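No experiment lies behind these values; they were computed from the predicted model shown.
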Amino acid sequence: QVQLVESGGGLVQAGGSLRLACAASGRTSDNYAIGWFRQAPGKEREFIVVIQPSNGATVHADTSKGRFTVSRDNAKNMVYLQTNGLTPEDTAVYYCAMALGIGYPTSSHEYAYWGQGTQVTVSS
């Protein structure tokens, strides 16, 4: 049973940074992608970035390039999202998700497993 657990969210002032973490367990294949998404109140879930932990390759949404960086620690089964230059518009619940296979899915419908999310609130 795959489980994903996010952590690292919180309240931060505009211009600040947070490092979100995603702990993955229970996977049965080395071929999988971890994606980061976010959902603000009243808005649809939004793709941020996806990484293939096997080779570290990534695909970013255009809106996240330059401010959000994804990394992984395969020994710990962890994937991280470094968020910089945060603005109140970045306030949302941030989710990590897992899709089996070797692709770089950008749609939430392509992901089979989801964490519970971690709240990021940016004050002005």
Side-chain angles (χ1 to χ4, degrees):
Q1 182 75 13
V2 172
Q3 287 191 321
L4 301 171
V5 179
E6 302 95 336
S7 61
L11 175 63
V12 63
Q13 289 187 334
S17 301
L18 284 174
R19 188 193 194 205
L20 308 183
C22 175
S25 63
R27 61 177 174 84
T28 58
S29 170
D30 289 336
N31 295 320
Y32 65 97
I34 296 290
W36 283 96
F37 292 77
R38 67 183 183 183
Q39 189 165 19
K43 294 187 177 181
E44 294 186 354
R45 194 162 295 189
E46 177 187 15
F47 167 73
I48 300 171
V49 63
V50 57
I51 184 170
Q52 275 280 343
S54 60
N55 59 19
T58 64
V59 172
H60 279 78
D62 289 341
T63 53
S64 70
K65 290 179 181 178
R67 291 197 304 129
F68 293 174
T69 303
V70 65
S71 61
R72 91 288 195 200
D73 184 337
N74 290 343
K76 297 181 180 180
N77 289 323
M78 298 290 294
V79 173
Y80 304 97
L81 182 68
Q82 179 68 41
T83 65
N84 299 321
L86 290 167
T87 73
E89 289 68 36
D90 294 314
T91 295
V93 178
Y94 284 69
Y95 299 90
C96 66
M98 179 184 290
L100 299 180
I102 60 174
Y104 300 87
T106 60
S107 170
S108 61
H109 302 293
E110 300 176 88
Y111 287 81
Y113 305 99
W114 291 83
Q116 82 289 349
T118 186
Q119 176 71 46
V120 171
T121 303
V122 185
S123 63
S124 58

**Student:** Does Thr118 use its side chain to pair, donor to acceptor, with the backbone of Ser7 at less than 3.5 Å?
**Tutor:**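 No, Thr118 side chain to Ser7 backbone: no donor-acceptor pair under 3.5 Å.
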**Student:** May I ask you to test the Gln82-Ser17 pair for a side-chain heavy-atom distance under 4.5 Å?
**Tutor:**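 SC-SC contact between Gln82 and Ser17 confirmed.
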**Student:** Check Gln119 against Val93 and note the closest heavy-atom contact, atom names and distance.
**Tutor:**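 Heavy-atom minimum between the residues: OE1-CG2, 3.2 Å.
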**Student:** Can you find a heavy atom in the side chain of Glu46 that is under 4.5 Å from one in the side chain of Thr63?
**Tutor:**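 The answer is yes; the side chains approach within 4.5 Å.
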**Student:** Sorted by first residue and then second, give each ring pair (Phe, Tyr, Trp, His ring centres under 6.0 Å) pair with at least one member in residues 32-86; sequence neighbours left out.
**Tutor:** Phe37-Phe47, Phe37-Tyr111, Phe37-Trp114
**Student:** Please check: side-chain N/O of Glu6 versus main-chain N/O of Gly117, any donor-acceptor pairing under 3.5 Å?
**Tutor:**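 Such a contact is found between Glu6 side chain and Gly117 backbone.
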**Student:** So do the side chains of Val2 and Ser25 get within less than 4.5 Å of each other, counting heavy atoms only?
**Tutor:**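 No, every pair of side-chain atoms sits at 4.5 Å or beyond.
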**Student:** Mind checking whether Val120 and Leu20 have side chains closer than 4.5 Å, heavy atoms only?
**Tutor:**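 Side-chain contact under 4.5 Å: yes.
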**Student:** Does Ile51 offer a backbone N or O that forms a donor-acceptor pair with the side chain of Thr58 under 3.5 Å?
**Tutor:** no
**Student:** Do Tyr113 and Val49 belong to the same hydrophobic cluster, where Ile, Leu, Val, Met, Phe, Trp and Tyr are linked whenever their side-chain heavy atoms lie under 4.5 Å apart, directly or via other members?
**Tutor:** yes
**Student:** When rounded to the nearest 0.5 angstrom, what is the spacing between CG in Leu86 and OG1 in Thr91?
**Tutor:** 8.5 Å
**Student:** Set out, in order, the CA-CA distance, both residues' side-chain angles and the distance that settles side chain to side chain contact (heavy atoms under 4.5 Å, CB included) for Thr83 and Arg67, then state yes or no.
**Tutor:** CA-CA 6 Å; Thr83 65; Arg67 291 197 304 129; over 6 Å; no
**Student:** Do Val50 and Ile34 share a hydrophobic cluster (ILVMFWY, side-chain heavy atoms under 4.5 Å, transitive)?
**Tutor:** no
**Student:** Please name the pair of heavy atoms, one in Ile48 and one in Ser64, separated by the smallest distance, quoted to 0.1 Å.
**Tutor:**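 Smallest heavy-atom distance, with atoms named: O-OG, 2.8 Å.
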**Student:** Could I get the full list of side-chain contact (heavy atoms from CB on, under 4.5 Å) partners for Pro88, not counting sequence neighbours?
**Tutor:** Ala14, Val122, Ser124
**Student:** In residues 94-109, what donor-acceptor pairs under 3.5 Å come from side-chain atoms, sequence neighbours left out?
**Tutor:**
from   : atom 1 : to     : atom 2 : distance (Å)
Tyr94  : OH     : Arg38  : NH1    : 2.9
Tyr94  : OH     : Asp90  : O      : 2.7
Ser107 : OG     : His109 : N      : 3.3

**Student:** Could you check whether Asp30 and Ser54, counting side-chain N and O atoms only, form a donor-acceptor pair closer than 3.5 Å?
**Tutor:** no
**Student:** Has Arg72 got a side-chain atom pairing as donor or acceptor with Val79's backbone, closer than 3.5 angstrom?
**Tutor:**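 It does not hold such a pair.
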